[in-house]
> 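Once you've had a glance at the structure underneath, I'll fire off some questions.
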Protein chains: 4
Amino acid sequence: MVPKKTFFNLEEKKQDKIIRSAISEFTKYGFERAKMDTIAKNANVSKGSMYQYFDNKEELFLFSVKWSIDLFYKRYGRYLNLKKDMNIFDLFYKDAKIIWSQMMEERDMVIFIQDVLLGKYKNLTDKSMSYIMDMVNKNTLNMIQNGKRNGSIRKDIDDNLLLIFITGVSLKFKEHMMNSARTQGKDIVDEGFEENEREIKSMIELLKNGMGENRCLFR
Amino acid sequence: MVPKKTFFNLEEKKQDKIIRSAISEFTKYGFERAKMDTIAKNANVSKGSMYQYFDNKEELFLFSVKWSIDLFYKRYGRYLNLKKDMNIFDLFYKDAKIIWSQMMEERDMVIFIQDVLLGKYKNLTDKSMSYIMDMVNKNTLNMIQNGKRNGSIRKDIDDNLLLIFITGVSLKFKEHMMNSARTQGKDIVDEGFEENEREIKSMIELLKNGMGENRCLFR
Amino acid sequence: MVPKKTFFNLEEKKQDKIIRSAISEFTKYGFERAKMDTIAKNANVSKGSMYQYFDNKEELFLFSVKWSIDLFYKRYGRYLNLKKDMNIFDLFYKDAKIIWSQMMEERDMVIFIQDVLLGKYKNLTDKSMSYIMDMVNKNTLNMIQNGKRNGSIRKDIDDNLLLIFITGVSLKFKEHMMNSARTQGKDIVDEGFEENEREIKSMIELLKNGMGENRCLFR
Amino acid sequence: MVPKKTFFNLEEKKQDKIIRSAISEFTKYGFERAKMDTIAKNANVSKGSMYQYFDNKEELFLFSVKWSIDLFYKRYGRYLNLKKDMNIFDLFYKDAKIIWSQMMEERDMVIFIQDVLLGKYKNLTDKSMSYIMDMVNKNTLNMIQNGKRNGSIRKDIDDNLLLIFITGVSLKFKEHMMNSARTQGKDIVDEGFEENEREIKSMIELLKNGMGENRCLFR
DNA sequence: GATGAATGAGAATTCATTCAT
DNA sequence: TATGAATGAATTCTCATTCAT
């Protein structure tokens, strides 16, 4: 998962270009059909150079995953963070909004991460996948525990089941949003978001109060 | 997606063996790395024959998907069916139980279907994937509409969002169960199920009433 | 060192052609520079087929070695054999004669074996080289022990040193003969052999009685 | 075979280091698999610099050969030299002893030279190999002629055959010693030599008097 | 002179698919 | 129909050599 140092000697801009080229190719074609040659060319780099940076295609892939997650958190982590009084439902809201806005400028990366999380590359990532899952889950688990403490989350259900519950909804919902974004193209941006916002809120409502009918009306 | 008639001329047992061999290979290695040769050998069939039954690897894959779904419904469909008064939560319960018991004898197929549903083969299945998704979603959507009608599901939220909601939880939860089954090995069967049953019920509770704290106690 | 069974399914003629092509290529260019493609083409076989017969270039090489030795012994072994009363000097004589005549029809193979014995492929063969060395040395060692017993070889010197002594001379002398054969082309055959015979006899004289001056004249 | 003058501008120490690094690499991996990069790194020199010193890998190799021989003769030549009354058997003795002691401190170089002499690099060296062979053979041939003149070597056998005879034994025997040295590690030094000395003397005995039984006892 | 990043020609190897028997 | 040998396009990966700094 670690590129050779030669990679880190490159200008950051170039590093960027290479990884983005890789991400784009992997997302488009999957791991096997992705060609090193194409990745190289799209990054304006020679095939040979790629092998000075990475031992092989798998290294490149694994590092692309790490890079994506890291970048995502570096960029958007602060939005997600984690004020004492923030609860998991706000997090879901913010998270969804971020994903949505991200889809506008970083669609490749977002889709790539989504694919990874959905297990599209299971065979490859099982090894080092823990890295991402840990990162993602730790945060959520934290929120859940906070929520239990401050009374916004019910205490009678195991943390891990709650994690599965929210993660499941979250993944599928992100996928749904991404499909919308994909379909709508890059132009929608704001108008698109209104409709979207309504959906996000509905989802949060479901997370909070479930889909059963006779829920408390006064809430 | 349609094998040649030669395939259907085979004894059913042989058809079975071939598809199961394919499923196992695809699950283990993904589409690209799956080898026709290995699939053939594991089915005690010659490589050449495979091409008398299927035009190419993709056909084989696509048919394997169809076959899996069909078999699944043939076998377990009656359990899922669809009495007028059954609600989606009962469905979830049954579904989960089935998956669990299925993992014992048909783990390859179950995992394969799960992978397909999670989008691992998106690139391939986009074309004809609709087939399954339709089948699965139509059912669920039906239930949702039923539920709304008979008062077990809230009416203020869009059908499709409810679909996403329940599907998301369902997928992730199945994955969780499958991992448990995998870890525990084939021997657990019954003991394993007690713990499992508790989890299923917790999940249904969450689906129904959400994870928020101040839910109505009188329910 | 073992080809896949597919190789042995081939007509013996074809097997022959393939290995001879390999031997010729290895001898001409050494292991690294030898191209699978060329070997395949010269054997009227496709590159892909080569990999149905052998796992990789190294397997092919290793098997070529084994094949050469085996063939050599199958063909000429009987000449070398090993009558009770044959002594090592006769063996040397026969051996040299065989090499010489072999150079006429099997020059590639002979040169190849010679190269292997001389250690040209040391890096590759160290692993399984034992096979040949054993074969060659066991025979010679036998002769030496026989010789000691029947009084044609001095007993005051360690078997292994005698082995080194005779092997050293033998290798270098074969090389010398091969160079002659190479230089003279294929036409010499018989005339060439007269001169050759004189040399062989000189060598045996040296092996027997050494190069010191005051050797016993009555011998 | 001639490095660029830039090479000779280097401190002698550095020249040394570079060539030794090359020798070590060539010996370990053979010419093709030897990497310029590794050679450079082990000599604490940049890959680019290597190409300021040598036109290409082959030049480097060829010069390494020359350098080895020259060094060998510079260091040990005086021991070998060539007093009027020295005979070839003394030479063999000295030679062997030197090799043995050399194996202790210059094992890389010794092995390298041995490989060259055995023809491991035949394809490469054929061109300029004459340089070494000439050097080595001229000496030996001289000795032989001396020996014939002063009565220590029989006159009835052709010089070149005698050359082959002694060279063959010599090469194989050196190889044998080198293997011993390799096996025993660097610590043996003196104890190892006793056993060794016996072997050397046996070899000379064989060279002088041959391996035949009924040699003259009065000698 | 020194450096090490960049290059790309070249080779090994893989495997879906074809096809003669 | 069944077989499995044959094929070659396609791809990964290597490394000597060049060249800008």
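Model, not experiment: these values are computed from the prediction. Within every chain, numbering begins at 1; the chains are lettered A, B, ... in the order of the sequence lines, protein sequences first and strands thereafter.
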> Given that both distances must come in under 3.5 Å, which nucleotide forms a Watson-Crick or G-U wobble pair with dA12(E)?
dT11(F)
> When we call it a touch if two heavy atoms are under 4.0 Å apart, what does Ala34(B) touch: a base, just sugar-phosphate, or nothing?
sugar-phosphate
> With nearest nucleotides of DNA chain E determined for Leu10(A) and Asp37(B) from heavy-atom distances, which residue corresponds to the more 5′ nucleotide?
Leu10(A)
> Does Lys120(B) reach the main-chain N or O of Leu118(A) with its side chain, forming a donor-acceptor pair under 3.5 Å?
no
> Looking at dC13(F), I'd like to know if its phosphate oxygens (OP1 or OP2) sit under 4.0 Å from a side-chain N or O belonging to Tyr51(A).
yes
> Using a strict 4.0 Å threshold on nitrogen-to-oxygen distance, state whether Asp70(A) and Lys74(A) make a salt bridge.
no
> Using heavy atoms to find the nearest nucleotide of DNA chain F for Tyr53(B) and Gly48(D) separately, return the residue whose nucleotide is more 5′.
Tyr53(B)
> How close or far is atom P of dG10(E) from atom OH of Tyr29(C), stated in whole angstroms?
15 Å
> Would you mind reading off the distance between Asn56(A) atom CG and dA12(E) atom C1', rounded to a whole angstrom?
16 Å
> Using whole Å, what does the distance between atom P of nucleotide dA11(E) and atom CZ of Phe61(C) come to?
19 Å
> Taking CD from Glu32(B) and P from dT11(F), how many angstroms apart are they, rounded to a whole number?
10 Å
> If the plane angle is over 60° it's perpendicular, under 30° parallel, otherwise tilted; pick one for Phe31(B) and Phe61(B).
perpendicular
> Within this structure, what is the NZ-to-C1' distance between Lys41(A) and dT12(F), rounded to whole angstrom?
14 Å
> Under 4.0 Å between a side-chain N/O of Thr6(B) and OP1 or OP2 of dT1(F), yes or no?
no
> Does the side chain of Gln52(C) get closer than 4.0 angstrom to OP1 or OP2 of dA5(F) through an N or O atom?
no
> Taking only the side-chain nitrogens and oxygens of Asn9(D), find out if one of them lies under 4.0 Å from OP1 or OP2 of dG1(E).
yes
> Closer than 4.0 Å, any side-chain N/O of Ser46(B) to the OP1 or OP2 of dG4(F)?
no
> Hunt down the Watson-Crick or G-U wobble partner of dA20(F), both distances under 3.5 Å, from any strand shown, or write none.
dT3(E)
> How many whole angstroms separate atom NZ of Lys57(A) from atom P of dA10(F)?
15 Å
> Are Ser46(B) and Ser49(B) linked by a side-chain donor-acceptor pair shorter than 3.5 Å?
yes
> When the side chains of residues 7-14 of chain B are checked against the rest of the protein, which donor-acceptor pairs come out under 3.5 Å, sequence neighbours left out?
none

> Hey, does the side-chain of Lys47(A) have a donor or acceptor N/O within less than 3.5 Å of a partner on the base of dT7(E)?
no
> Starting at CD of Glu59(D) and ending at C1' of dT17(F), how long is that distance when rounded to a whole Å?
14 Å
> CD of Glu11(B) versus P of dT1(F): gap in Å, rounded?
15 Å
> Considering heavy-atom distances to DNA chain F, does Met50(B) or Lys35(D) have its closest nucleotide positioned more toward the 5' end?
Met50(B)
